[in-house]
Amino acid sequence: LYRYFPSKDHLIERVYDEVYVRRWDKKWEDLITNRTLTLEERLVRFYTQYARAVYDYVWVRIFVYSGLKGVDINDRYLAIIRAKVLIPIATELRHANDLPSPDTKPISDDEIELLWGLHGTFFYRAIRHFAYNMPLTDNLDQAIERDVRMFLAGAPCVQKEIVESKV
């Protein structure tokens, strides 16, 4: 290994780049904020494409294992998810439901937690399959659409409570 990588940190950096960074599609960022589509359409398209990129044995197992070992791959990747997925979705959810923009009232940690719930739904499906060897649904696209619809049926009410709270 040391013939190819001068240190363990260099090896980890290469794994991070190959397994995580190269799978990221910059088009997803534009998709999430494309207001010519409904928010439901954007989220369904994003999570369908995202699932195709990350529902992978190697991706999931490295992610889980690195988290258990304390390697910073998870921290860096989750920071990307927060900045490029969760905050934009929170912003778009506010826009869709006539709530104050983040310029007026910043996105709160409680709103981000609400979005982690949505994102976690998709990630746990991968965990069930690649860590617990449970089968994936026969119709993944339909399952993703239902997950998004379920989220959007309740999230606006909860987000409104969060945004309007004085705490």
Side-chain angles (χ1 to χ4, degrees), residues 20 23-25 27-35 37-56 59-68 70 72-167:
Y20 297 95
R23 289 180 195 225
W24 187 262
D25 188 342
K27 293 176 189 169
W28 295 336
E29 298 165 47
D30 294 331
L31 174 60
I32 291 170
T33 59
N34 179 357
R35 292 183 179 166
L37 303 170
T38 67
L39 183 55
E40 180 178 324
E41 289 172 311
R42 290 181 268 163
L43 294 180
V44 168
R45 287 184 190 180
F46 166 71
Y47 277 111
T48 300
Q49 293 172 21
Y50 184 75
R52 285 188 174 89
V54 303
Y55 282 21
D56 173 78
W59 191 100
V60 171
R61 295 190 62 105
I62 289 174
F63 192 82
V64 171
Y65 185 74
S66 65
L68 293 171
D72 77 339
I73 287 174
N74 300 72
D75 295 338
R76 291 191 293 164
Y77 187 76
L78 294 175
I80 291 170
I81 294 299
R82 186 180 197 286
K84 296 184 177 191
V85 176
L86 305 184
I87 289 174
I89 292 174
T91 301
E92 295 305 308
L93 189 59
R94 279 191 185 188
H95 180 267
N97 294 291
D98 297 319
L99 293 170
S101 78
D103 296 334
T104 305
K105 185 167 185 170
I107 302 293
S108 70
D109 289 342
D110 288 338
E111 285 177 273
I112 296 301
E113 188 63 28
L114 180 66
L115 273 295
W116 276 124
L118 171 65
H119 197 78
T121 298
F122 301 100
F123 184 69
Y124 186 66
R125 183 175 285 119
I127 293 289
R128 286 193 328 256
H129 183 65
F130 295 110
Y132 303 147
N133 297 314
M134 295 178 67
L136 281 174
T137 177
D138 290 334
N139 193 336
L140 184 59
D141 291 355
Q142 183 180 58
I144 289 170
E145 182 179 341
R146 287 176 176 160
D147 292 337
V148 167
R149 287 177 37 222
M150 184 172 66
F151 174 79
L152 291 175
C157 178
V158 175
Q159 187 185 35
K160 182 177 181 181
E161 289 174 6
I162 292 168
V163 171
E164 293 178 349
S165 73
K166 303 282 191 249
V167 180

His95 atom NE2: more than 12 heavy-atom contacts under 6.0 Å: no
Derivation of the side-chain contact (heavy atoms from CB on, under 4.5 Å) call for Val64 and Phe130: CA-CA 10 Å; Val64 171; Phe130 295 110; over 6 Å; no
Lys/Arg N to Asp/Glu carboxylate O, Asp75 vs Arg82, below 4.0 Å: no
Any side-chain heavy-atom pair of Arg125 and Asp147 under 4.5 Å: yes
Shortest non-hydrogen contact between Arg42 and Asn34, atoms and distance: CD-O, 2.9 Å
Ala53 versus Trp28, closest heavy-atom pair with distance: CB-CH2, 3.7 Å
Crowding at NZ, Lys84 (>12 non-hydrogen neighbours, <6.0 Å): yes
Non-hydrogen side-chain atoms of Leu37 and Arg45 separated by less than 4.5 Å: yes
Heavy-atom closest pair, residues Ala143 and Thr137: CB-CG2, 3.8 Å
Residue pair Phe123, Tyr55: steps toward the side-chain contact (heavy atoms from CB on, under 4.5 Å) verdict: CA-CA 8 Å; Phe123 184 69; Tyr55 282 21; over 6 Å; no
Parallel, tilted or perpendicular: ring planes of Tyr50 versus Trp24, cut at 30 and 60 degrees: perpendicular
Heavy-atom side-chain contact between Tyr47 and Leu140 under 4.5 Å: no
Non-hydrogen side-chain atoms of Gln49 and Leu31 separated by less than 4.5 Å: yes
Sole candidate of Leu43, Ile32, Leu115 that passes side chain to side chain contact (heavy atoms under 4.5 Å, CB included) when paired with Val85: Ile32
Leu93 vs Glu111 side-chain heavy atoms within contact, under 4.5 Å: no
Beyond-backbone contact of Ile87 with Ile112, side-chain heavy atoms, under 4.5 angstrom: yes
Val54 side chain near Phe63 side chain, heavy-atom distance below 4.5 Å: no
Closest contact, heavy atoms only, Pro102 versus Ile107: CG-CD1, 3.7 Å
